[in-house]
Amino acid sequence: MKKSVCLIGFMGSGKTTIGVKLSYRLKTPVDDTDKLIERKEKMSISDIFAIKGEPYFRNAETELLKQLAEDSHQHILSMGGGTPLKPENRLLMKQCGLVVYLRAKPETVYQRIKGDTKRPLLQCENPRQRIEQLMQEREEAYRDCADLIIDVDDLSINEIMDTICNALDA
Ligand code: S3P
């Protein structure tokens, strides 16, 4: 059985984009945990946060991961930026396959997501500061479960994919 690939990292680090491209390259289906949750709940992530609350969303992430960890088919899985925060989720991701941390600098993330209205955690007065603070809080959890860390700031999409494919072949 081939390993699935779990893409983790902060919002705006490129998980969704890399996931889709890698899916073409490896001819493997791609799933995005945020999209799967939106489909199941029939609501956008912003609405889930606003109406049902963040704890409900975090619980939905864990329940989804349990299902994904049981699926023996190879998948590319793009995870929401907060998924690795729960230790239980980190174990489930490890069961899914190779965990790849796409690490971006705060400035890179800020430039990519400024003006975005779909990320409830960054709808605040000073998103730049919030990005730095959340990144610092999360770095240890991301590193804890990563089999591979890629500093993506100065890499092309192809270079990032090459690194992941090399690790899969190793
Ligand atoms: C979140 C990241 C989002 C989404 C939700 C919470 C986070 O996913 O799951 O808004 O806690 O970092 P992306 O990383 O795909 O933006």
Side-chain angles (χ1 to χ4, degrees), residues 4-23 29-69 75-90 92-93 96 98-146 148-153 155 157 160-161 164:
S4 287
V5 178
C6 295
L7 298 170
I8 64 162
F10 203 77
M11 295 170 260
S13 58
K15 294 164 293 184
T16 303
T17 307
I18 297 294
V20 171
K21 299 260 183 190
L22 203 56
S23 152
V30 63
D31 278 320
D32 185 303
T33 55
D34 282 350
K35 294 208 175 86
L36 290 173
I37 292 171
E38 286 183 326
R39 208 175 303 153
K40 181 164 181 281
E41 299 292 329
K42 298 185 178 60
M43 236 185 243
S44 68
I45 298 293
S46 301
D47 283 348
I48 299 172
F49 268 70
I51 297 166
K52 302 198 166 184
E54 184 174 349
Y56 180 91
F57 173 74
R58 297 299 175 197
N59 192 46
E61 281 186 313
T62 302
E63 290 311 309
L64 174 61
L65 263 181
K66 285 181 188 164
Q67 288 170 26
L68 294 172
H75 281 255
I76 311 296
L77 302 168
S78 306
M79 303 281 160
T83 316
L85 300 183
K86 276 195 201 170
E88 181 184 6
N89 293 358
R90 302 205 280 274
L92 289 165
M93 279 190 277
C96 291
L98 185 80
V99 181
V100 180
Y101 171 19
L102 302 180
R103 184 164 61 186
K105 293 195 177 114
E107 188 56 28
T108 305
V109 167
Y110 178 69
Q111 291 305 329
R112 288 182 185 172
I113 57 92
K114 64 181 176 191
D116 178 299
T117 55
K118 294 190 177 143
R119 288 176 166 110
L121 294 180
L122 300 179
Q123 306 312 304
C124 56
E125 221 166 86
N126 193 340
R128 193 189 290 253
Q129 200 179 43
R130 183 105 173 100
I131 290 166
E132 275 184 29
Q133 176 213 338
L134 282 176
M135 265 192 189
Q136 267 180 24
E137 286 170 16
R138 292 177 170 190
E139 174 67 10
E140 203 180 322
Y142 290 153
R143 278 213 312 253
D144 179 55
C145 60
L148 174 65
I149 300 177
I150 307 178
D151 287 309
V152 295
D153 306 86
L155 296 182
I157 290 175
I160 296 169
M161 287 200 294
I164 297 172

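All heavy atoms count here, side chains included; hydrogens, waters and symmetry mates do not. Bear in mind the structure is a predicted one, so any value in this text is a computation, not a measurement. We count ligands from 1, going down the list as the structure has it; atoms in each ligand are counted the same way.
Residues Lys52 and Glu41 are paired through a salt bridge, judged by an N-O separation under 4.0 Å between the basic side chain and the carboxylate.
For NZ of Lys86, the number of neighbouring non-hydrogen atoms (other residues, nucleotides, ligands) closer than 6.0 Å is greater than 12.
Between the side chains of Thr83 and Asn89, no donor-acceptor pair of N or O atoms lies under 3.5 Å.
Judged by the shortest distance from any of its heavy atoms, Arg58 lies inside the 4.0 Å radius around the atoms of ligand 1. Residue Lys118 places every heavy atom at 4.0 Å or more from ligand 1.
Only the side chain of Arg138 comes within 4.0 Å of ligand 1, counting heavy atoms alone; its backbone N, CA, C and O stay farther away.
A heavy-atom distance below 4.5 Å is not found between the side chains of Met11 and Asp116.
Any N or O atom pair closer than 3.5 Å counts here, and Gly12 shares no such pair with ligand 1.
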(message) Show, in sequence, the C-alpha distance, side-chain angles and deciding distance for Arg130 and Glu125, and conclude whether the salt bridge (Lys or Arg N to Asp or Glu O under 4.0 Å) test is met.
(response) CA-CA 9 Å; Arg130 183 105 173 100; Glu125 221 166 86; over 6 Å; no

(request) Would you please test Glu140 and Arg143 for salt bridge (Lys or Arg N to Asp or Glu O under 4.0 Å) and show each step? (result) CA-CA 5 Å; Glu140 203 180 322; Arg143 278 213 312 253; over 6 Å; no

(request) Step by step, work out the salt bridge (Lys or Arg N to Asp or Glu O under 4.0 Å) result for Lys66 and Glu63. (result) CA-CA 5 Å; Lys66 285 181 188 164; Glu63 290 311 309; 3.2 Å; yes

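Near Leu121, with a cut-off below 4.0 Å to any heavy atom, the atoms of ligand 1 are 7 (C), 11 (O). Listed by atom number, the atoms of ligand 1 under 4.0 Å from Lys15 heavy atoms are 13 (P), 14 (O), 15 (O). Atom numbering of ligand 1 starts at 1 in the shown order; those under 4.0 Å from a heavy atom of Phe57 are 9 (O). Interface atoms of ligand 1 facing Gly80, defined by a heavy-atom separation under 4.0 Å, are 8 (O), 9 (O), 14 (O). Residue-ligand proximity, Arg119 to ligand 1, at heavy-atom distances under 4.0 Å covers atoms 16 (O). Using a 4.0 Å cut-off to heavy atoms of Pro120, the atoms of ligand 1 that qualify are 10 (O). Of all atoms in ligand 1, numbered sequentially from 1 with element shown, those under 4.0 Å from a heavy atom of Ile45 are 5 (C), 10 (O).
Rounding to the nearest 0.5 angstrom, the gap separating the CD atom in Glu88 from the CD atom in Glu61 is 11.5 Å.
For Lys114, the side-chain hydrogen bond (donor to acceptor under 3.5 Å, both in side chains) partners at least two apart in sequence or on another chain are Gln111.
Distance from atom 7 (C) of ligand 1 to its nearest protein heavy atom, with residue and atom name: Gly82 N, 3.3 Å. Among all non-hydrogen protein atoms, the one lying nearest atom 9 (O) of ligand 1 is Asp34 OD1, 2.7 Å.
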